[in-house]
Every structure is written in C-alpha cells, then in structure tokens.
K.L.:
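My structure is below; once you've seen it, I'll send some questions.
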Amino acid sequence: MSKTNKLTIGLFGFGVVGEGIYQVLQQTPSLNATIKKVCIKDPLKKRSIPDELLTTDPMLILNDPEINIVVELINHASDAYAIVTTALRKKKAVLSANKAMIAEHLGELLQLQKLYDVPLLYEAAVCGSIPIIRNLEEYYDNDLLQGVCGIVNGSTNYILTKLIDEKMEYKTALLQAQANGFAETDPTLDVKGFDAVNKLTILLLHSYGIITSPLKLLHAGIDRIHAHDALFAASKNWQIKLTAQAKKLSESKVAAFVLPQFVTQESQLFGVRNEYNGVVLQSSFADKQFLYGKGAGRYPTASAVLSDISALRFDYRYEYRKYHRAVTGSVLCNDYFLCLYVSFDAISDIALQDFELIEEFRTHPERSYVVGIISYAKLLRSTWVALPTVSIIVCPDGVIENMEALSLKKKSLELAGVKFKEPVKEAIDLIE
Ligand code: HSE
C-alpha cells in the first residue's frame with residue numbers, strides 16, 4: 001500500500017472492539033481512514049451506526065475493489081479464518097485480533113502474506129494495548145532475548161485481583177469481567193488458559209521464530225486455584241498470576257508454557273492488577289525491560305487496531321526475520337525442570353514419585369501441598385496434572401534449565417538448610 005493511498009476499511013464484527021474502532025476512528029480524522037462497510041451477523045440487533053454501512057454479506061466487502069483494508073474483529077475462529085484468508089488472496093491488507101485463529105494457522109498465514117504480497121497485522125491479538133509484537137519484531141530483532149514472561153490475559157488477571165485482593169466470589173468476579181467486555185464469548189477460554197496459550201504461540205514466533213501449535217504447549221488456567229493456594233502465597237508475600245513464558249535455555253532450546261505462577265514483590269508483574277497485562281523481557285545485556293498496559297476492553301484493544309491501521313500508511317508489515325533465519329535456529333524443548341507448588345485434596349490425586357526432589361510437604365485434612373522439582377517432559381505426560389482437584393503453580397524462578405542447574409539448585413537448597421527427602425520414600429512414608 002503506497003503512502004498516498006486512501007485507507008478504505010471493510011470491518012467484520014461490531015462487538016465490543018468493532019464498535020470501539022468505529023468510535024476511535026471518528027475521533028482520529030488525521031488518519032484519513034474511512035469505514036465503508038461493516039459486516040455483521042445479526043441484522044436485527046440495534047447498532048449505533050448508520051444502517052447503510054451495515055451488511056450481512058461478507059462478499060460485499062471482500063469483492064469491493066475500493067476497500068483496501070479488511071479489519072476482522074469477530075469471535076468465531078473458523079469464520080475469521082475464511083474472511084482473513086479470502087481477503088489476503090484478494091490482495092487486501094488485513095488486520096485481525098483473533099488470537100485463536102492466528103495461533104492455529106500461523107504457518108499458512110505467513111505463506112499467504114508472502115504469496116500475495118500483502119500484510120496481515122495483529123497487534124491487538126496479544127496483550128491488548130501493549131505494542132509487544134512490533135517491539136519483538138523490530139527492537140528485539142536479534143538473538144539477545146533470553147526470555148519473555150507475561151500476564152497476557154486481562155480477564156484472568158482481573159478475576160485473580162478481585163478474588164485475592166478484594167475477597168470477591170469467583171462467580172461475581174467472572175461476571176464482572178464479562179460485563180466489562182474483557183472475557184471471551186466463551187469465558188472458559190480465558191479461565192482455562194486457552195486464550196493465553198494462543199497468545200504465547202504468537203509470541204513464540206515473534207520472539208524466537210518458532211511456529212508451533214497451541215496444542216503442543218502445556219497450559220493451565222486459574223480455575224483450579226484453591227483458597228489455600230492464596231493463603232500460601234499471602235504467607236510468603238507473593239502474588240499468584242497466570243503467566244505465559246518463553247525462556248531460552250542453553251544453546252537454541254526454548255522452554256514455553258502457560259501456568260499460574262507465584263511472583264515475588266521484586267517482580268515487575270507483582271503490581272499488575274485488574275485487566276492490565278505486563279510483559280517482562282529479559283535480554284542478555286539490557287537485563288529486564290517491562291511493558292505494561294491494558295490487556296482487554298473496548299478502547300485499549302481498539303487502540304492497538306488503530307495503531308496497525310496507522311502502520312499500514314507507511315506500508316508496515318511483519319518481516320518474520322527470526323523465523324526466516326531460523327533454519328538452524330531456536331527449537332522448543334521439553335528437556336528441563338520446573339519447581340512447582342502442587343496442592344491437592346488427597347494424596348492419591350498426585351504421583352509423588354514423579355518429582356525429582358521434594359522441598360516441602362504438608363498434609364492437611366482439607367488441602368495438602370507439595371513443593372518440589374519435576375521434569376517438564378514428565379509433567380507433560382502425567383495425567384494427574386489435569387485433575388480438577390489438583391492445582392499447579394510455578395515457584396518464583398521456577399525454570400531449571402538442565403541437570404547441571406538442578407544439581408546446583410539442590411546444593412543451594414541444602415546450604416539453606418532445606419531437608420528434602422527422596423520422593424519415592426516420601427510417598428511410602430505417607431502411605432504408612
Ligand atoms: N479475553 C481476552 C483477555 C481479551 O481477557 O485478555 C483480550 O485478548
């Protein structure tokens with residue numbers, strides 16, 4: 001798209017974000033971008049825009065040669081896929097916020113952009129208003145990025161804040177997240193960690209040039225966090241946050257997962273509350289950098305779409321340089337260890353022998369817990385991890401990159417006076 005081109009937009013979806021972008025564009029005349037048509041599903045629903053803008057026929061947008069930008073803001077992932085791929089084939093620039101669709105089809109979407117020489121931008125798909133993708137693409141276009149750890153889902157962070165800080169009931173907090181327009185239409189996508197793992201999949205491409213499927217990444221949400229876990233965190237002055245992590249291990253190996261995590265007061269994520277998101281980027285020389293902003297909601301998300309529209313003015317597109325030079329580059333790896341806190345109702349819920357070592361173990365008639373180190377590969381294979389009665393939380397600095405690091409950790413714990421026991425023996429002791 002040349003600099004002189006008029007931006008004529010075909011918008012799909014007029015929900016929370018769609019309406020937001022319509023309103024935001026009215027207030028940004030300098031962008032000289034006009035919405036020509038809005039494709040909606042339900043023609044009977046009352047809308048706050050002139051009727052002549054509305055259509056239920058997607059082809060009225062997709063076949064209109066004057067429309068050079070398609071903004072896709074619908075919920076349904078397979079409909080979004082059809083719209084986005086058709087628009088790219090028709091050589092229209094596309095903006096999308098559909099993280100599930102993008103994460104699932106990354107490889108194909110890259111190919112289509114190349115084949116038809118058109119951009120697909122999706123800053124709004126990850127962390128709402130935070131410009132994380134463009135930062136990873138442009139500023140961190142090198143191999144110095146050691147890790148990315150972020151709160152990438154606004155709804156779950158909102159719910160955790162209300163539950164833990166304000167002692168609100170889970171149901172009320174979820175209803176509020178929905179009423180505020182933060183949650184997905186199906187909020188289980190938020191609370192079970194699916195939304196966060198979709199976002200992590202996109203982050204992996206822009207951080208390390210890795211294309212994978214969200215299905216291959218271990219993820220859990222906040223729905224199994226127990227009141228006793230919150231008490232445990234409070235006793236240490238920690239917060240519980242749902243984080244998406246990608247961490248460079250030795251050589252070109254990368255660890256990646258979405259799990260609840262304890263964060264200490266020293267962590268930049270500690271003070272991220274409500275629908276805010278925050279991402280800590282760890283680089284080799286600059287140490288830590290932190291991006292913070294609203295991760296969900298009408299205007300924060302619309303602001304990211306607006307920024308993408310504006311970027312199209314100067315023909316911006318993702319170059320995916322890390323992916324293209326990744327022939328011998330980064331790969332996902334399961335060969336590392338995690339230090340976990342696991343709470344459960346009954347000892348039979350978990351397999352203590354799966355742990356490499358156990359640092360702490362408390363049994364209680366209501367809720368017991370273990371703190372220990374476990375191989376990530378073993379965790380992926382184990383069935384107890386997904387039980388509704390089991391809650392798993394990563395300990396601070398809980399990624400242990402290899403056996404050598406595990407031995408070092410063991411030694412430092414011993415020096416600190418921790419008397420851990422061999423897991424199998426512990427299991428037997430308990431049964432006795
Ligand atoms: N449901 C998402 C969230 C919306 O809560 O973060 C923004 O992607």
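Every value quoted in this text rests on a predicted model; they were computed, and no experiment measured them. Numbering of ligands and ligand atoms starts at 1, following listing order.
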K.L.:
Give every donor-acceptor pair under 3.5 Å between a side-chain atom in residues 74-81 and any protein atom, sequence neighbours left out.
P.N.:
unit_1, atom_1, unit_2, atom_2, d
Asn75, OD1, Thr185, OG1, 3.3
Asn75, ND2, Thr185, OG1, 2.7
His76, ND1, Ser78, OG, 3.2
His76, ND1, Asp79, N, 3.4
Tyr81, OH, Glu108, OE1, 2.7
Tyr81, OH, Glu108, OE2, 2.7

K.L.:
Between the side chains of Glu166 and Lys162, is the shortest nitrogen-to-carboxylate-oxygen separation below 4.0 Å, so that they form an ion pair?
P.N.:
yes
K.L.:
Write down, by chain and number, every protein residue that brings a non-hydrogen atom to less than 4.0 Å from an atom of ligand 1.
P.N.:
Lys99, Asn153, Gly154, Ser155, Phe182, Ala183, Glu184, Asp190, Asp195, Lys199, Gly295, Ala296
K.L.:
If a pair satisfies side-chain hydrogen bond (donor to acceptor under 3.5 Å, both in side chains) and one of its residues is in residues 383-395, list it, with sequence neighbours excluded.
P.N.:
Asp229-Ser391, Asp349-Thr389, Asp354-Trp384
K.L.:
List in chain and number order the residues that pass side-chain contact (heavy atoms from CB on, under 4.5 Å) with Gln268, two or more places apart in sequence or in another chain; answer none if no residue qualifies.
P.N.:
Val280, Lys288, Phe290
K.L.:
State plainly whether the residues Asp117 and Lys91 are in salt-bridge range, i.e. N to O under 4.0 Å.
P.N.:
no
K.L.:
Does Ile67 offer a backbone N or O that forms a donor-acceptor pair with the side chain of Thr8 under 3.5 Å?
P.N.:
no
